[in-house]
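In what follows, chains carry the letters A, B, and so on, assigned in the order in which the sequence lines appear, proteins first and then strands, with residues in each chain numbered from 1.
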Amino acid sequence: MPELPEVETTVQGLVPVLEGRRLTNVEARRADLRRAFPPDLRQRLTGARVVGLHRRAKYGLIDTDRGDTLVFHLGMSGRWRIDPEEPLGPHDHFVLETEEGRRAVLNDPRRFGSLDLVPTAALGEWEAFAKMGPEPLGDGFTADYLLAALAGRSAPIKAMLLDQRIVAGLGNIYVCEALHMAGISPTRAAGRISRPRLERLVEAIKAVLAAAIEAGGSTLRDYARPSGELGYFAKQWRVYGREGESCGCGGPVRRRVDSGRSTFYCPRCQRV
DNA sequence: AGACGTACCTGACCGC
DNA sequence: TGCGGTCAGGTACGTC
């Protein structure tokens, strides 16, 4: 699930539990996810007060009053559970407990996620963020920006939109959706898309992300409940996961695979 | 440099 | 019921 909207709603869901709270208990139940945890993770967090929660691209940021930021990435299967009633399971890897006795538990079966502790003042230079492109919902993400960023690039537009150095936070689902909304073929060479069509694309990206955050916000309430489990995100997608179904135009939605990744699209609506 | 494929890991699902 | 194959939101790295 976790693309930008899911990380955004996750961070929003952590705010009432963690913001302004002191972390009285921090437990790493294994030493790594995709990468090793910082060895001093526990010492640096225990006793610290959370002073802010933010998101950058698909990363969640938890700032403490010690000048550290806990940076989490959910990978493919990560999620935070709030005050779980069941005993912790094998995929519950990391626990933050506040002085109020509330718990946030990071669960990640596939373990493609990550946890890092970065000095808050140096976040901009942190490796993953240093070369990252603009936030798609920010003012810096415009048709002019995209035009310049894609100039001369022969790779398909879909691959470019997944490249976090071009724009940071999009994943497979929302790229498919945005390209469909904008009527652009996923295989179109990125550097050969006209400015007016890039304008449509930028608008489509902002619209689909905003709508997904809105939808995620409504289901997160269920998610944050003790019983956990999902609903998570309503499937109102136009093409993603809809191979063989009919597009709004009447034509069939197709799926193709490149580099092991599925692309869903409508050949009629997305000719070029 | 850029484009592309593969690896990482587990669980869900499908057909036999 | 069990078993093997396929697929899944992510990024990083190797190779041409």
Side-chain angles (χ1 to χ4, degrees), chain A residues 1-11 29-37 55-60 71-81 89-94 106-116 126-133 136 149-179 186-192 205 208-209 211-213 215-216 219-220 223 228-244 254-264:
Chain A
M1 276 164 233
E3 297 184 34
L4 184 155
E6 290 69 44
V7 179
E8 178 65 31
T9 51
T10 294
V11 168
R29 306 182 76 239
R30 54 179 295 131
D32 60 58
L33 284 175
R34 177 142 210 226
R35 301 189 308 274
F37 294 157
R55 177 194 57 75
R56 170 74 172 114
K58 299 172 196 171
Y59 291 84
V71 183
F72 67 84
H73 195 293
L74 299 175
M76 296 273 262
S77 58
R79 52 196 198 132
W80 285 91
R81 303 201 294 154
H91 303 308
D92 292 319
H93 307 306
F94 183 71
L106 179 62
N107 177 281
D108 184 2
R110 291 178 74 180
R111 306 205 304 272
F112 286 173
S114 61
L115 283 180
D116 292 280
W126 186 56
E127 193 180 349
F129 291 162
K131 293 179 181 171
M132 197 171 259
L150 300 178
R153 302 299 295 267
S154 63
I157 182 64
K158 191 204 174 198
M160 291 291 92
L161 293 178
L162 289 172
D163 186 335
Q164 305 294 298
R165 293 167 299 187
I166 302 285
V167 56
L170 297 181
N172 204 33
I173 294 174
Y174 296 111
V175 165
C176 290
E177 292 299 312
L179 286 170
T187 58
R188 175 83 180 170
R192 286 190 231 129
I205 288 169
V208 73
L209 293 178
I213 290 171
T219 51
L220 191 70
Y223 179 68
E229 291 323 310
L230 34 139
Y232 220 129
F233 83 158
K235 293 203 169 182
Q236 15 174 280
W237 312 132
R238 303 166 168 223
V239 286
Y240 189 85
R242 296 192 178 278
E243 180 183 18
R254 303 269 193 218
R255 181 174 86 108
R256 53 175 287 144
V257 178
D258 304 285
S259 314
R261 275 294 181 274
S262 287
T263 301
F264 297 90

>> Do the side chains of A:Asp108 and A:Arg110 get close enough for a salt bridge, i.e. N-O under 4.0 angstrom?
In response: no

>> Determine whether the aromatic ring centres of residues A:Phe264 and A:Trp237 are separated by less than 6.0 angstrom.
In response: no

> What is the pairing partner of C:dG10, taking Watson-Crick or G-U wobble pairs with both distances under 3.5 Å in any strand?
Replying inline: B:dC8

> Does the side chain of A:Thr263 come under 3.5 Å of the side chain of A:Lys158 through a donor N or O and an acceptor N or O?
Replying inline: yes

>> Nearest whole Å is fine: how far is B:dC9 C1' from A:Leu74 CG?
In response: 16 Å

> For B:dG11, does either OP1 or OP2 sit under 4.0 Å from a side-chain N or O belonging to A:His91?
Replying inline: yes

> Across all strands, who's sitting opposite C:dT15 as a Watson-Crick or G-U wobble pair, both distances under 3.5 Å?
Replying inline: B:dA3

> Quick one: is C:dC7 close enough that its OP1 or OP2 comes under 4.0 Å of any side-chain N or O from A:Ser262?
Replying inline: no

>> Is it the case that over 12 heavy atoms from other parts of the model lie below 6.0 angstrom from the CZ atom of A:Arg165?
In response: no

>> Distance check, P atoms only: B:dC9 and C:dC3, in whole angstrom units.
In response: 23 Å

> After noting the C-alpha distance and the side-chain angles of A:Asp32 and A:Arg34, does the key distance pass the salt bridge (charged side-chain N to carboxylate O under 4.0 Å, His left out) rule?
Replying inline: CA-CA 6 Å; A:Asp32 60 58; A:Arg34 177 142 210 226; over 6 Å; no

>> Centroid separation under 6.0 Å, is that true for the rings of A:Tyr240 and A:Tyr174?
In response: no

> Would the number of heavy atoms belonging to other residues, nucleotides or ligands and lying under 6.0 Å from CZ of A:Arg30 be above 12?
Replying inline: yes

Considering only nitrogen or oxygen atoms on both sides, find all protein atoms under 3.5 Å from nucleotides 1-5 of chain B and state each distance.
unit_1: B:dA3; atom_1: OP1; unit_2: A:Ser154; atom_2: N; d: 2.9
unit_1: B:dA3; atom_1: OP1; unit_2: A:Ser154; atom_2: OG; d: 2.8
unit_1: B:dA3; atom_1: OP1; unit_2: A:Ala155; atom_2: N; d: 3.1
unit_1: B:dA3; atom_1: OP2; unit_2: A:Arg153; atom_2: NE; d: 3.1
unit_1: B:dA3; atom_1: OP2; unit_2: A:Arg153; atom_2: NH2; d: 2.8
unit_1: B:dG5; atom_1: OP2; unit_2: A:Ser259; atom_2: N; d: 3.4
unit_1: B:dG5; atom_1: OP2; unit_2: A:Ser259; atom_2: OG; d: 2.7

>> Rounded at 0.5 Å granularity, tell me how far CE in A:Met160 sits from CG in A:Leu162.
In response: 9.0 Å

>> Would you measure the distance from the C1' atom in B:dA3 across to the matching atom in C:dG9 and give it in whole Å?
In response: 23 Å

Return the polar atom pairs (N/O with N/O) between nucleotides 10-14 of chain C and the protein under 3.5 Å, or none.
unit_1: C:dG10; atom_1: OP1; unit_2: A:Lys58; atom_2: NZ; d: 3.0
unit_1: C:dG10; atom_1: OP1; unit_2: A:Asn172; atom_2: N; d: 3.3
unit_1: C:dG10; atom_1: OP2; unit_2: A:Asn172; atom_2: N; d: 3.2
unit_1: C:dG10; atom_1: O4'; unit_2: A:Gly75; atom_2: O; d: 3.4
unit_1: C:dG10; atom_1: O3'; unit_2: A:Lys58; atom_2: NZ; d: 3.4
unit_1: C:dG10; atom_1: N7; unit_2: A:Arg261; atom_2: NH2; d: 2.2
unit_1: C:dG10; atom_1: O6; unit_2: A:Arg261; atom_2: NH2; d: 3.2
unit_1: C:dT11; atom_1: OP2; unit_2: A:Lys58; atom_2: NZ; d: 3.2
unit_1: C:dT11; atom_1: O2; unit_2: A:Arg34; atom_2: NH1; d: 2.8
unit_1: C:dT11; atom_1: O2; unit_2: A:Arg34; atom_2: NH2; d: 3.1

